Amino acid sequence: MDEKYFAQKIEQKWQRRWAENKTFEAVIDASKEKFYALEMLPYPSGRLHMGHVRNYSIGDALAWYKRLQGFNVLHPIGWDSFGQPAEQAAIKKGVNPRDWTEDNIKQMREQLQRLGLSYDWSREIAAHRPEYYKFDQWFFLKMLELGLAYKKMTKVNWCPKDQTTLSNEQASGGVCWRCGTQVEKKDIAQWFLRITAYAEELLDGMNEIEAGWAERVLTMQKNWIGKSEGATVEFKVQSSKFKAEESGRVETIRIFTTRIDTIYGANAVVVAPVHPVIENNFAQFSDDVKTKIAEIKSQQEKPTDYGEEVEKDGVDTGLKAINPFSAEELPVWVGNYVMMEYGTGAVMSVPAHDERDLEFAKKFGLEVRRVIESAELTEPDSGDFKNSTNSREWFTDYGVLINSGEWSHQTSEEAMREMSEFAEKNNFGEPTVTYRIRDWGISRQRFWGAPIPIVYCADCGTVPVSFDDLPVELPESAPFTGVGESPLAKVPEFVNTFCPKCKQPAKRETDTMDTFVDSSWYYFRYTDPHNKSAPFEPEIAAYWLPVEQYIGGVDHAVMHLLYTRFWTKVMRDLGLVDFDEPIRKLLTQGMVVSESYYSDRRAGYVYSDEVNIERDERGKIVSATLKTDDSPVKVAVEKMSKSKFNGVDPDDMVLIYGADAVRIFALFAAPAENELVWLETGIDGAVRFLQRVWRFVYRWKDALKTASACADASNDGARKLRQKTHQTIKRITENFESYQFNTPVAALMELSNALGDFKVEPEKASESDVFAVREAVESLILMLAPYAPHVSEELWQAVTGNTDGMLASGAKFPVADEDLAKADEIEIPIQVNGKLRSRVLIAPETSKEDLEKMALADAKICEYTSGKEIVKVIIVPNRLVNVVVKG
RNA sequence: GCUUGGGUGGCGGAAUAGGUAGACGCACAGGACUUAAAAUCCUGUGUCCCUUGUGGACGUGCGGGUUCGAUUCCCGCCCUAAGCACCA
């Protein structure tokens, strides 16, 4: 056994041993409490980045801790291996996406193993394998049966030159990212999952998980679902020649509003350019109106960039609609700020009480009529807001109604309730709840995804593939051009099939599923990863699920985490699971960032070794210039990325510092939720710490073998050490229980420093010294294991002589002895009028009376109190004394 | 604009049922060891002031408030990050 710490050597040794012993393979054991620790599965890009390392280090620390606590831990990993990059590689380099993906998985698996993460590799899954995506298809068919999957026409971004659909990002600025052609909107038929059917439940379920999820994530989901309660009101269209002639019925426009109380202030009805009433009456509009409507329509179809303010625009169609409350005749306008996708695609315009309507009214000179007055006014004024005491131009708060017929003098709250009830009673409206969330479109015109198991038959129409014929497998390859429809459509062997119903020749659906489908249920599959006939056995899943702790980036706060909650509710309705929420606790870890250097001269990012950086003695950058020509370089702290040349390769780090040190630093440098600035210098501290522990253990190793079970309390040094040990155990246990991963490292360092201060030579140590040191060392090693498992195993072996590894020997996390942890003397502050003036050493649990006596007798305190009247003395036992004086 | 976080030394960060602010680490400075360097170990390190002390004042974004006592609670601002955004 080597006396020097060589990370590479011991890390390989223990990684091999864990694998041979199947140490981390989880087996159902009903006698033990289970713990499911889960990290978001990676996309196999081929290289691990520091964000992964941080994510998995957190998860592994937790898994180790829970394992040492005696839990039956499930800690799996897999691959989110469908998706665009593989297809891009195929287009650019001509490689087969499957080979590319498998190669990447192999490389990244090795990288993960070099970090010594305690995964159960026997449960590894990959989304691109037929045995996995078979059940994506299975779920799709089940949802079809439940009416939760359906097909509808929808607008997509379309590049007419490349003949392909584009995502919003690819259509940024209204042009195709590849060829720069003007992007069009095109209607194509796509498959949707009815997530809206669960909107209310997804909202309600948040109460259940509130305690374990970061508030910002829940808020983001709430905003995304976007529930808004209001009312629909029907306005009869007066001058419409349409329905009146054809069916004898009067055409109506249904508007949605959250402020029905302001309806007497409406001066117009504004509809989206694609609203049915416009299409129905288009023929009777003047040419000017027609042109304007077409203009607004095409403007709305153009993808807009983030943050872009669009000026209000619109046109009076000449149609008239009747306000059912006031019987007033209002003009019907087309407005560019009204969208068909939200609410009913029509609004009533109330400029006095809505900022957007005001903007619109101002532009077109429409009347602004105030109908709500601030409730704080004792007397409602005339309604002429310019002379009103609360003369803001618009007023969007709740208040009291004025100029509203019989509803005047009611409060907004009363009026909203009663007016929508009134509308319902009289058949021209009803209370309505609207959601922002739309159904989940899962069709992708791509090759590298799970084929949607549907067949189109000339006679039978759209026919689902039979469950027995799953999986619908992807062909070996396809022509990858990046243009045209889905590559699958160009593979005749795939496309041509037979109708499952009538057995006549038919064609397959060539779209594949959104990869968020794969990640919606992957962690259910981990519980039963080799099941051939079902996604998982409900009984097995019932043991392991729900997930106790999920760890991943905030970037998935909405999409993935909402989809998987939806999927769980569907699985519950299918009888596969019996809970509503799959994830009890969610930890969203911060990004890993580092310094990047941008050169204006080179118009791009440059490598760090191309830059000269001067720092002052405090480390602040004084100047940063390009080495080649001394031109200035901008320094920014940004997310690590290849294109910014500021990434750090985890493999290099592991090679230089060892996996244990990298993991300690990743956890110690910042709280898990914070951004982590990766600085090479910081990691030295982790290495130094490990080496100190290592040296100490080897210095004491032989002496410790003689440790007896005797703990003699008369030895002061030993007693102090034991006290520190138990205080540390207590602290670290509390930290882990509250999911703090940075502070335990500090506590371990303190304990290690205490050992360093223990100045007894091992050869001269008394029995109680040896006992105390052994206790401290064993505790230290056990508590270090979640951070630095390799070093811990090695040192554990050195101390105990047990060569199987601490897991195999069933090591347990140390338990703090409260009595030993108690300090035998405490230093408490004495304040005069809240200012610290002196300190005094006391025995714990010293009585209030004694404390007061000690405080008032203190020489320094007397100095401050002499000649003054002591008003009172505040005593917090074991904390402080505060003497309050006057004069 | 709306929503939600967050502002503590040169830096990452500790500490809040209100009770010694700055644990631990980095960086820096001085010292020991060494022919020398590395490594290691020791000491110091919030700011300012003085009579250099078991000294004083100030100090947790800013301004108020509550309290014997506020980084922590309340009110009003400022800055910053993220998400959403013509959502009716």
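On a predicted model such as this, the values are computed, not experimentally measured, just so you know. Chain identifiers are assigned alphabetically (A, B, ...) following the order of the sequence lines, protein sequences preceding nucleic acid strands; residue numbering begins at 1 within each chain.
- Within the nucleic acid shown, A:Met339 comes within 4.0 Å of at least one base atom, counting heavy atoms only.
- Across the protein-nucleic acid pair, A:Arg688 atom CZ and B:rA38 atom C1' stand 13 Å apart, rounded to whole Å.
- Using a 4.0 Å heavy-atom criterion, one finds that A:Val876 contacts the bases of the nucleic acid, with or without backbone contacts as well.
- Contact annotation: A:Gln740 side-chain N/O to B:rA15 OP1/OP2 distance is under 4.0 Å.
- For A:Lys363, the side-chain hydrogen bond (donor to acceptor under 3.5 Å, both in side chains) criterion is met by A:Glu311, not counting sequence neighbours.
- When ring centroids are compared, A:Trp440 and A:Phe516 stay outside the 6.0 Å threshold.
- Across B:rG12, B:rG19, B:rC41, the shortest atom-to-atom separation from the side chain of A:Phe668 is found for B:rG12.
- Under the ring pair (Phe, Tyr, Trp, His ring centres under 6.0 Å) criterion, A:Tyr657 pairs with no residue at all, not counting sequence neighbours.
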Could you pull out the protein-nucleic contacts involving nucleotides 5-7 of chain B (nitrogen or oxygen on both sides, under 3.5 Å)?
from  : atom 1 : to       : atom 2 : distance (Å)
B:rG5 : OP1    : A:Glu215 : OE1    : 3.2
B:rG5 : OP1    : A:Glu215 : OE2    : 3.3

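- Between A:Ser349 and B:rA88 there is no side-chain N or O to OP1 or OP2 distance below 4.0 Å.
- The interatomic distance linking A:Leu562 (CG) with B:rG83 (P) rounds to 17 Å, in whole Å.
- Shown here are the side-chain hydrogen bond (donor to acceptor under 3.5 Å, both in side chains) partners of A:Asn882, two or more places apart in sequence or in another chain: there are none.
- Every pair passing side chain to side chain donor-acceptor pair (under 3.5 Å) that includes a residue from residues 332-350 of chain A is listed here, sequence neighbours excluded: A:Ser228-A:Tyr342, A:Asn267-A:Ser349, A:Tyr337-A:Asp357.
- Spacing between atom CD1 of A:Ile225 and atom P of B:rA85 amounts to 14 Å, rounded to whole angstrom units.
- In this structure A:Gln221 satisfies the side-chain hydrogen bond (donor to acceptor under 3.5 Å, both in side chains) test together with A:Arg565, sequence neighbours excluded.
- Here B:rA23 is the nucleotide among B:rA23, B:rC87, B:rG56 with the atom lying nearest to any side-chain atom of A:Glu750.
- A:Gly685 comes within 4.0 angstrom of sugar-phosphate atoms only, judged by non-hydrogen atoms across all strands, and of no base.
- OP1 or OP2 of B:rA85 has not a single side-chain nitrogen or oxygen of A:Asn223 nearer than 4.0 Å.
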Show me the dot-bracket string of RNA chain B, counting Watson-Crick or G-U pairs under 3.5 Å, with | for pairs to another strand and [ ] for crossing ones. (((((((..(((......[....))).(((((.......))))).(((((..).))))..(((((..]....))))))))))))....
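- Listed nucleotides B:rC24, B:rC86, B:rC26 differ in distance to A:Met749; the shortest reach to its side chain belongs to B:rC24.
- B:rC28 and B:rU45 have their C1' atoms separated by 8 Å, given to the nearest Å.
- At whole-Å resolution of the value, CG in A:Asn674 and P in B:rU8 are 11 Å apart.
- Applying the side chain to side chain donor-acceptor pair (under 3.5 Å) test to every pair with at least one member in residues 744-753 of chain A, sequence neighbours left out, gives these pairs: A:Lys724-A:Glu750, A:Arg731-A:Glu750.
- Set against B:rA88, B:rU20, B:rA23, the side chain of A:Arg839 has B:rU20 as its closest nucleotide.
- The separation between A:Arg879 atom CZ and B:rU20 atom P is 6 Å, rounded to whole Å.
- One can place CG of A:Leu218 at 21 Å from P of B:rA82, the figure rounded to the nearest angstrom.
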Show the distances under 3.5 angstrom between N or O atoms of the protein and N or O atoms of nucleotides 49-54 of chain B.
none

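- Taking atom CZ on A:Arg692 and atom P on B:rA39, their separation rounds to 13 Å, with Å as the unit.
- Every residue two or more places apart in sequence or in another chain that forms a side chain to side chain contact (heavy atoms under 4.5 Å, CB included) with A:Glu215 is listed here: A:Thr219.
- Applying the side-chain hydrogen bond (donor to acceptor under 3.5 Å, both in side chains) rule to A:Tyr435 yields the partners A:Glu200; only residues at least two apart in sequence or on another chain are considered.
- One interatomic measurement links the two molecules: CG of A:Asp684 to C1' of B:rG12, which rounds to 15 Å at whole-angstrom precision.
- Base orientation of B:rG9: syn, the glycosidic angle falling within 90° of 0.
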So if I define the base as every atom that isn't primed, P, OP1 or OP2, how would nucleotides 65-74 of chain B read as a B/S/- string at a heavy-atom cutoff under 4.0 Å? ---B------
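- Backbone-only engagement by A:Arg837 is indicated by non-hydrogen atom pairs under 4.0 Å involving sugar-phosphate atoms exclusively.
- The nearest pair of heavy atoms linking A:Phe235 to A:Ile255 is CE1-CG1, 3.6 Å.
- Within 6.0 Å of the NZ atom in A:Lys730, the count of heavy atoms belonging to other residues, nucleotides or ligands does not exceed 12.
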